[in-house]
Amino acid sequence: MKEKELLLLLKKDPGRGIHEMMNHYGDSISTICRNFLYDCPEDDIEETIADTFINFWHNMDKFKPDKGCSLKSYLYAIARNVARDKRRTLKKADIYSLEELELVLVSGENIEKQYEKKELEAVLHTCLEEMKEPDKTIFLYRYFYGYKTGEIGKMLELPPKKVENILYRGKEKLRKDLMERGICHA
């Protein structure tokens with residue numbers, strides 16, 4: 001089903017339109033949400049996926065296909081924003097109960113390694129947030145979604161060589177930031 005047909009269906013028969021949209025874009029939306037919320041409970045991930053479609057429904061009037069943005073790109077942006085907001089909300093509420101702390105201590109998990117992993121995640125997140133566009137999008141497409149440089153170039157209308165150069169500079173900056181924080185070695 002083409003975007004125009006889907007948008008018409010959403011206006012004529014919202015229930016069926018949302019259902020079709022979920023069938024068409026649901027897997028990709030799920031992947032985006034799972035990538036952002038990889039360490040969160042399944043219920044929170046499923047809620048985020050549903051919130052993406054609800055958010056689109058409530059803001060459907062703001063979507064302007066004639067402005068050069070595809071429905072897919074628009075939905076993916078909503079999914080990223082909803083997942084990012086959910087992550088922030090969950091991290092603020094990331095207070096462990098005594099039972100949970102007891103399970104970690106009894107299980108023998110290496111708390112130092114967990115701390116290092118969380119610190120690395122925080123540094124990576126900070127580095128990504130500091131990147132400017134299109135560098136940030138290119139980095140996410142390549143290393144979080146697994147697109148090839150040629151595919152990224154086509155999506156963003158950039159030569160593959162430019163995409164490769166941006167990725168190289170991004171990796172160098174990330175390596176430098178990690179070294180400054182003592183997380184990796186030269």
Side-chain angles (χ1 to χ4, degrees), residues 3 6 18-59 63 69-96 100 109 113-158 160 163-164 166-178 181 183-184:
E3 285 187 10
L6 185 55
I18 290 287
H19 180 75
E20 284 297 320
M21 188 184 313
M22 291 173 79
N23 283 340
H24 197 71
Y25 299 107
D27 290 341
S28 298
I29 300 292
S30 175
T31 299
I32 291 168
C33 293
R34 288 179 192 289
N35 284 340
F36 272 94
L37 303 170
Y38 62 91
D39 60 345
C40 297
E42 184 65 24
D43 291 348
D44 291 323
I45 295 170
E46 294 296 328
E47 181 181 330
T48 304
I49 295 166
D51 286 348
T52 297
F53 291 102
I54 292 168
N55 190 309
F56 173 78
W57 174 248
H58 288 296
N59 296 295
F63 174 63
C69 179
S70 70
L71 178 59
K72 176 174 85 169
S73 298
Y74 192 74
L75 280 170
Y76 292 1
I78 291 173
R80 283 190 303 274
N81 291 334
V82 171
R84 194 177 298 130
D85 291 346
K86 183 67 156 185
R87 181 155 202 79
R88 283 187 198 121
T89 302
L90 292 172
K91 288 301 172 188
K92 285 180 185 172
D94 198 9
I95 300 170
Y96 296 103
E100 290 171 319
E109 290 184 36
K113 287 211 183 289
Q114 287 178 0
Y115 175 77
E116 287 172 2
K117 182 181 174 194
K118 285 199 180 271
E119 187 177 356
L120 177 60
E121 289 170 4
V123 170
L124 287 172
H125 181 74
T126 300
C127 290
L128 281 172
E129 288 299 316
E130 290 172 354
M131 285 184 179
K132 294 185 177 22
E133 291 298 341
D135 300 21
K136 182 179 184 178
T137 300
I138 290 171
F139 211 82
L140 288 170
Y141 278 170
R142 178 70 182 113
Y143 297 109
F144 287 87
Y145 303 120
Y147 288 109
K148 293 183 168 75
T149 55
E151 295 171 320
I152 297 168
K154 285 180 185 173
M155 287 188 288
L156 300 178
E157 299 177 354
L158 295 171
V163 172
E164 290 172 9
I166 290 171
L167 288 170
Y168 177 79
R169 285 194 316 267
K171 287 189 291 188
E172 288 302 310
K173 183 183 181 326
L174 181 60
R175 183 178 291 119
K176 181 182 169 203
D177 289 348
L178 292 173
R181 290 172 168 87
I183 293 176
C184 75

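None of the values given here were measured: they were computed from a predicted structure.
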Non-hydrogen atoms of Thr48 and Ala83 that approach each other most closely: CG2-CA, 3.6 Å

Distance in Å, Ser28 OG paired with Lys72 NZ, rounded so as to fall on 0.5 Å steps: 7.5 Å

Closest approach of Glu3 to Ser70 (non-hydrogen atoms, all atoms of both residues): OE2-CB, 3.4 Å

Arg169 charged N/C atom sitting above Phe139 aromatic ring, 6.0 Å / 45°: no

Side-chain heavy atoms of Phe63 within contact of Ile78, under 4.5 Å: no

Check: Leu158 and Ile152 side chains under 4.5 Å, non-hydrogen atoms: no

Pairwise distance CZ(Phe56) to CD1(Ile29) - rounded to 0.5 angstrom: 10.5 Å

Where Met21 and Leu75 come nearest, the two heavy atoms and their spacing: SD-CD1, 3.6 Å

Stepwise side chain to side chain contact (heavy atoms under 4.5 Å, CB included) test for Ile32 and Phe36: CA-CA 6 Å; Ile32 291 168; Phe36 272 94; 4.1 Å; yes

Point-to-point distance, once rounded to the nearest 0.5 Å, from CG of Asp51 to NE2 of His58: 9.0 Å

Residue pairs involving residues 22-38 (criterion salt bridge (charged side-chain N to carboxylate O under 4.0 Å, His left out); sequence neighbours excluded): Arg34-Glu42, Arg34-Glu46

Approximate separation, where rounding is to 0.5 Å, of Thr149 OG1 and Ile166 CD1: 11.5 Å

Spacing of Asn59 atom CG and Tyr74 atom OH [to the nearest 0.5 Å]: 5.5 Å

From CA spacing to verdict: side chain to side chain contact (heavy atoms under 4.5 Å, CB included), Glu130, Lys173: CA-CA 11 Å; Glu130 290 172 354; Lys173 183 183 181 326; 3.5 Å; yes

Any donor-acceptor N/O pair, Asn81 side chain to Ala77 backbone, under 3.5 Å: yes

CG on Asn35 to OG on Ser30, rounded to 0.5 Å: 9.0 Å

Cys40 to Arg87 - nearest heavy-atom pair and separation: SG-NH1, 3.6 Å

Val163 vs Leu156 side-chain heavy atoms within contact, under 4.5 Å: no

Where Ile18 and Phe53 come nearest, the two heavy atoms and their spacing: CD1-O, 4.3 Å

